[in-house]
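For reference, the structure is listed below as structure tokens.
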Amino acid sequence: MDASRGHTTTLGASMKMNRLIPMLPVRSMPASVGFYEKLGFSIEQRNDDWRWAMLCFGECRLMVDESINLHPGIPRSSVLYLYPDDISEFHKQVRRNGLVVPDLEVTFYGMTEFRIDDPDGNRLWIGQNASTGA
């Protein structure tokens with residue numbers, strides 16, 4: 001039992017989360033890339049067709065994405081992208097822990113993932129590269 005949180009952790013000790021990358025909704029991916037470059041970030045990956053870019057600064061990563069919220073009347077929200085070391089096992093364990101989650105899907109950008117919202121509506125996308133397992 002985690003006394004600081006007041007709940008029991010049920011994920012096994014062998015389960016590992018490899019990294020977490022914020023994905024920020026932006027109005028203009030090129031303008032955002034320019035802004036973050038001025039802060040010292042560089043472009044790791046960029047896809048103008050998707051209106052998305054992955055930026056890096058040392059070990060830090062940040063995604064900017066125009067397509068997260070396509071409807072201007074809806075508030076923009078960010079996404080936390082979580083990368084477990086074994087998406088299939090993590091997905092099964094989350095379901096065993098009692099969360100209702102959608103089935104795993106392979107996305108057009110090559111990730112095996114599922115997406116959920118936390119109780120406050122924060123979006124979590126959880127995935128692993130479909131071809132490399134990373």
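Here the structure is a predicted model, which is why all the values come from computation and not from measurement.
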*E105 CD: over 12 foreign heavy atoms closer than 6.0 Å*: no
*asked:* Looking at R27, I want to see if its CZ is surrounded by more than 12 non-hydrogen atoms of other residues, nucleotides or ligands under 6.0 Å.
replied: no
*How about L99 and V101: do any of their side-chain heavy atoms sit closer than 4.5 Å?*
yes
_Atom of G127, atom of P84 and distance for their closest heavy-atom approach_ = O-CD, 3.5 Å
*Under 4.5 Å between side-chain heavy atoms, hopping through other hydrophobics if needed: is there a path connecting W52 to V33?*
no
*asked:* Using a 6.0 Å cut-off, check whether atom OH of Y109 has over 12 heavy atoms from anything other than its own residue.
replied: yes
*Is there a chain of hydrophobic side chains (I, L, V, M, F, W, Y, each step under 4.5 Å between heavy atoms) that links Y83 to M23?*
yes
*Is E89 salt-bridged to R96, cutoff N-O under 4.0 Å?*
yes
*Taking Q128 for the side chain and I87 for the main chain, is one N or O donor matched with an acceptor at less than 3.5 Å?*
yes
*Can you spot which of K92, R95, R115 makes a salt bridge (Lys or Arg N to Asp or Glu O under 4.0 Å) with D103?*
R95
*asked:* If you define the side chain from C-beta out and look only at heavy atoms, does anything of C56 sit under 4.5 Å from Q45?
replied: no
*Does the side chain to side chain contact (heavy atoms under 4.5 Å, CB included) test come out yes or no for D85 and F90, once each step is laid out?*
CA-CA 8 Å; D85 62 346; F90 185 76; over 6 Å; no
*Cluster question for you: counting only ILVMFWY and a side-chain heavy-atom cut-off of under 4.5 Å, with indirect links fine, are L24 and F41 together?*
yes
*Side-chain contact, heavy-atom cut-off 4.5 Å: S78 with M63?*
no
*To the nearest 0.5 Å, tell me how far W125 CH2 sits from D117 CG.*
11.0 Å
*Applying the 4.5 Å side-chain criterion to the ILVMFWY set and letting contacts propagate, would L55 and L39 be lumped into a single cluster?*
yes
*Distance from R123 atom CZ to I68 atom CD1, nearest 0.5 Å?*
6.0 Å
*Side chains of R51 and V26: does their closest heavy-atom pair fall under 4.5 Å?*
no
*asked:* According to a hydrophobic-cluster definition based on side-chain heavy atoms being under 4.5 Å apart (Ile, Leu, Val, Met, Phe, Trp, Tyr only), do L124 and M15 belong together?
replied: yes
*For P102, does its backbone N or O pair with a side-chain atom of H91 as donor and acceptor, under 3.5 Å?*
yes
*Can any side-chain N or O of E66 pair as donor or acceptor with the backbone N or O of M29 at less than 3.5 Å?*
yes
*Does a side-chain heavy-atom distance below 4.5 Å link M111 with Y81?*
yes
*Apply side-chain contact (heavy atoms from CB on, under 4.5 Å) to L20 and list each qualifying residue two or more places apart in sequence or on a separate chain.*
P22, L80, L82
*Distance (rounded to the nearest 0.5 Å) between D65 CG and W50 CH2*: 9.5 Å
